[in-house]
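A note on names: the letters A, B, ... follow the listed sequences, proteins ahead of strands, and every chain is numbered from 1.
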Amino acid sequence: MTDLQPARGTHDLIGEDQRRHHHVAETARRIAASYGFDEWITPIFEDTRVFSRTLGETSDVVTKEMYTFEDRGGDSVTLRPEGTAGVCRALVTNGLTQSLPKKVFYAGPMFRYERPQKGRYRQFHQIGMELIGPAEPLADAEVIACGWDILKALNVHADTILELNTLGELESRAAYREALVAYFTAHKDSLSQDSLTRLERNPMRILDSKDERDRKIVADAPTIEAHLTEAAATFYAKVKELLARFGVPFRENPRIVRGLDYYGHTAFEFVTTKLGSQGTVMAGGRYDGLVAEMGGPQTPAVGWAAGIERLGMLLDAAPAAPVPVAVVPIGDEAEAAAIGVLQSLRAAGIRAEMSYRGNLRRRMERANRIEARTAVILGADDLAKGVAQVKDLKTGAQEAVSLPDIAAFLA
RNA sequence: GCGGGCGUAGCUCAGUUGGUUAGAGCGCCAGUUUGUGGUACUGGAUGUCGUGGGUUCGAUUCCCAUCGCUCGCCCCA
């Protein structure tokens, strides 16, 4: 054996794991496409400033979780910890702010230096979508509806609930933040250690603390509602109304906040009870300031990201492995002739395999092991007659089929 | 980053109160006389008992460290 292991927090996706992963990504891709979203494939690493500028100076992601290094040319680059910043950068650098709206879907690996846990990896994979341009609440509702459709298509929606909140726009948030700081400062003595540091860095985070003592204090903390400007309140009401119109069930949760600084207005999380402490399965919100921070024009946008691994774990059954047809020649001469049959099946789009060695018995065992549905058996006698024995491996029924007809017979 | 649990064949796991060649089931390879698998029978291969160090005449078993997985916290998808 080898003493080599996968790097901490990374995983090989093989067999069932790969099928779960692929199924999640393909389903999302398909449904996003039906909503008019195009897939963008942006680089896996970016200039470090793409993230450091935009995710928030104080966020954990930026301060301690990024894979940042200097490349051989002396430039600081970072393995993307999330997808939104890169998409916005691509929007700006490709001059696409002139052709809004843009509806972007993406899927790929993200990197965060965290302590690995179930549902939390250092290299993990996300699907996500960004709707850039529209400032209307209809955009928020549509993006959420698309996410909900994906969860439904994956059949993981039953144990998943959409939790919704508004963070208001800058003005509302500033006022609220002030009120929160005042409130929590008054209760400083009873707050947990973690929350004391949050009080300085990001007071809104205290709202979703899991600490018992914190929760008691949070229960009576002011909510953003009272601090919402007229416009922000109207916007939020409209989002809720439209979600109902799209048929997306939700639950308001004033404690939903976002970890990254660029969010405002709508904030949401699809949460499941089935993944322990890693229960957030899809999350996002509106981020009207990000494109501007990236050096583009002031551009509204809304989007979400979801963890492929987490969704994959929720799938009640792994997608079935593909079922092949086994081509089974008897003897060397037949093996040569069987190649023609083999290729004709493949050309017809049928997954066909021929073992590389072994007598008839061996090859039949092998066919059984790869869970072939059918064996196409070719012996000298059959070849002389221009036929093959096509055997259904489930029922054991077997019949002679003429060589040119086999592909059609099995289709 | 903090705290708890775990680490024996490809897989699931047993075992050694410290003592000669470490086990089972499944899987794998081969055979049961040469054109038919899924069942059965027979035989076979595989482990530096996660890694490194310490204690000991002797360690897979005890101690320490380390790596990895896992659960909770933190954070987040």
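Across all strands shown, A/Gly9 has heavy atoms under 4.0 Å from sugar-phosphate atoms exclusively, and none from any base. Counting non-hydrogen atoms under 4.0 angstrom, A/Gly119 reaches a base of the nucleic acid. A/Ala305 comes within 4.0 angstrom of the backbone, heavy atoms only, and of no base. Here A/Tyr121 lies in heavy-atom contact (under 4.0 Å) with a base. Within the 4.0 angstrom heavy-atom criterion, only backbone atoms of the sugar-phosphate kind lie near A/Met282; the bases stay farther away.
Atom CG in A/Leu314 sits about 12 Å away from atom C1' in B/A77, given to the nearest Å. The CG-P distance, from A/Leu207 to B/C74, rounds to 14 Å in whole Å. The CD atom of A/Glu114 sits 16 Å away from the C1' atom of B/C71 (whole-angstrom rounding). When rounded to the nearest whole Å, the span between CG of A/Leu154 and P of B/A77 equals 18 Å. In this structure, the CZ atom of A/Phe111 is 14 Å from the C1' atom of B/A77, given to the nearest Å.
Here the separation of B/G43 from B/C6, taken at their P atoms, is 39 Å to the nearest Å. Using P as the reference atom, B/G58 and B/U46 are 29 Å apart when rounded to the nearest Å. Remark: the separation of the C1' atoms in B/A14 and B/G7 is 15 Å, to the nearest Å. Between the P atoms of B/A40 and B/G25, the separation comes to 13 Å (whole Å). The separation of B/U55 from B/C63, taken at their P atoms, amounts to 16 Å, rounded to a whole angstrom. Here, B/C28 and B/A9 have their C1' atoms 11 Å apart, quoted to the whole Å. Comparing B/A30 with B/A45, their C1' atoms sit 10 Å apart, to the nearest whole Å. When the P atom is used for both B/C2 and B/A65, the distance is 14 Å, rounded to whole Å.
In this model, no donor atom of one side chain and acceptor atom of the other lie less than 3.5 Å apart for A/Tyr183 and A/Asp220. If you check the side chains of A/Thr272 and A/Asp159, you find no donor sitting under 3.5 Å from an acceptor. At a cut-off of 3.5 Å, with distance as the only test, a side-chain donor of A/Thr93 or A/Arg89 sits close to an acceptor on the other residue.
When the shell of 6.0 Å around CD of A/Glu225 is examined, it contains 12 or fewer heavy atoms from other residues, nucleotides or ligands.
Each of A/Arg120 and A/Gly307 has a nearest nucleotide on RNA chain B; the 5'-most of these lies closest to A/Arg120. Remark on RNA chain B: of its neighbouring residues A/Lys118 and A/Ala306, the 5'-side contact belongs to A/Lys118, judged by nearest-heavy-atom nucleotide.
With a 3.5 Å ceiling on both atom-pair distances, the Watson-Crick or G-U wobble partner of B/G7 is B/C67. In a base pair of the Watson-Crick type (N1 to N3 plus N6-O4 or O6-N4) or a G-U wobble (N1-O2 and O6-N3), with each distance short of 3.5 Å, B/C2 is matched with B/G72. Using N1 to N3 plus N6-O4 or O6-N4 for Watson-Crick, or N1-O2 and O6-N3 for G-U wobble, each under 3.5 Å, B/G19 pairs with B/C57. Remark: B/G35 base-pairs with no nucleotide; criterion is Watson-Crick or G-U wobble with both hydrogen-bond distances under 3.5 Å. Under the Watson-Crick or G-U wobble criterion, with both distances below 3.5 Å, B/U48 is left unpaired in every strand shown.
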Checklist entry - In B/S/- notation, 5' to 3', how is nucleotides 33-45 of chain B contacted by protein heavy atoms closer than 4.0 Å? => result --BBBB-B-----
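Aromatic ring orientation, A/His125 versus A/His21: perpendicular (interplanar angle above 60°, classes split at 30° and 60°). Using a 30° and 60° split on the angle between ring planes, A/Phe268 and A/Phe270 fall in the perpendicular class, above 60°.
Neither OP1 nor OP2 of B/C69 sits under 4.0 Å from any side-chain N or O of A/Gln117. A/Arg310 has no side-chain polar atom (N or O) that falls below the 4.0 Å cut-off from OP1 or OP2 of B/A77.
Of the inter-residue distances, the one linking A/Leu167 atom CG with A/Met204 atom CE reads 4.5 Å to the nearest 0.5 angstrom.
In this structure, A/Arg112 fails the cation-pi test against A/Tyr67, since its NZ or CZ atom is not both closer than 6.0 Å to the six-membered ring centre and inside 45 degrees of the ring normal.
Taking 3.5 Å as the limit, the base of B/G31 and the side chain of A/Arg362 contain no donor-acceptor pair of atoms between them. Below the 3.5 angstrom threshold, one finds no donor paired with an acceptor across the side chain of A/Arg115 and the base of B/C71.
The main-chain N or O of A/Gly312 is never found under 3.5 Å from a side-chain atom of A/Glu309 such that the two would form a donor-acceptor pair.
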